[in-house]
Amino acid sequence: MDSSVIGLIVVAVVVVAIIMLYNGIIGKHNAVDRAWASVLTQERQKNKIIPMVEQLVEQYKLHESEVLTKVTELRSAIADMSAGVDTAKLAAAEQRTNELMQGLKVTVEAYPELKASDVYMKLMAEISEQQEQIGAAIRIFNANVEDFNNAIEMFPGSLINSMLVRKQKIASFSDSEAQAGFEYKPNL
């Protein structure tokens, strides 16, 4: 083989390697961007869902407090009757009982499982689910950041990055509140 052909093959291999490294850096940077968008999407989803669930809980809580108030008033009316026979008190207690029963029938038809504790449990489960999804998105983001940073800091990617791409290192997501809970801090 002629030395010029060998030279061309070497140059072609170097050019292909440079192109692959360049494209790899760009691809990893785009993966970081996409992963961060996923983190933001999860956070946005949580921020949209939680206020709606909180509003629902407040509605249930208000309704149940109204029912509780009516039950308390009914108990008071029944307790007042024990002091002696008073038809006016009996009529008032019966009217309160009927109002309470009518309200409960309508409410139970509209909300078959009207229990604030269930709603609170569902709220907590929804918040927990959203936090788990955000945590997973952050882990994916941090893995993509690590891949990208490795690509631009390790040879030969560091050479290609400094000459052609000029991308800066991206910081991994960290939580200062969580870090405050640890005495150990690595020497990074």
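Quick caveat: nothing in here was measured; it's all calculated off a predicted structure.
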What is the minimum heavy-atom distance between [X] and [Y], and which atoms define it?
X: Gly157; Y: Ile25; answer: O-CD1, 3.6 Å
X: Ala35; Y: Phe141; answer: CB-CA, 3.5 Å
X: Lys169; Y: Glu153; answer: CD-OE2, 3.0 Å

Starting from [Y], can I reach [X] by hopping between I/L/V/M/F/W/Y residues whose side chains sit under 4.5 Å apart?
X: Ile140; Y: Ile170; value: no
X: Ile18; Y: Phe155; value: yes
X: Val14; Y: Ile160; value: yes
X: Ile134; Y: Leu40; value: yes

Hey, can you tell me if Phe173 and Trp36 have their rings parallel, tilted or perpendicular (30° and 60° cut-offs)?
-> tilted
Any non-hydrogen side-chain atom of [X] less than 4.5 Å from a side-chain atom of [Y]?
X: Leu21; Y: Pro156; value: yes
X: Asn144; Y: Phe148; value: no
X: Ile152; Y: Val165; value: no
X: Lys28; Y: Asn149; value: no
X: Val5; Y: Asp2; value: yes

About how many Å separate [atom2] of [Y] and [atom1] of [X], when rounded to the nearest 0.5 Å?
X: Gln168; Y: His29; atom1: CD; atom2: NE2; value: 9.5 Å
X: Ser38; Y: Ile138; atom1: OG; atom2: CD1; value: 11.5 Å
X: Asp33; Y: Ile26; atom1: CG; atom2: CD1; value: 11.5 Å
X: Leu164; Y: Tyr22; atom1: CG; atom2: OH; value: 7.0 Å

Distance-only, no hydrogens or angles: does the Asn161 side chain make a donor-acceptor pair with backbone N or O of Lys167 under 3.5 Å?
-> yes
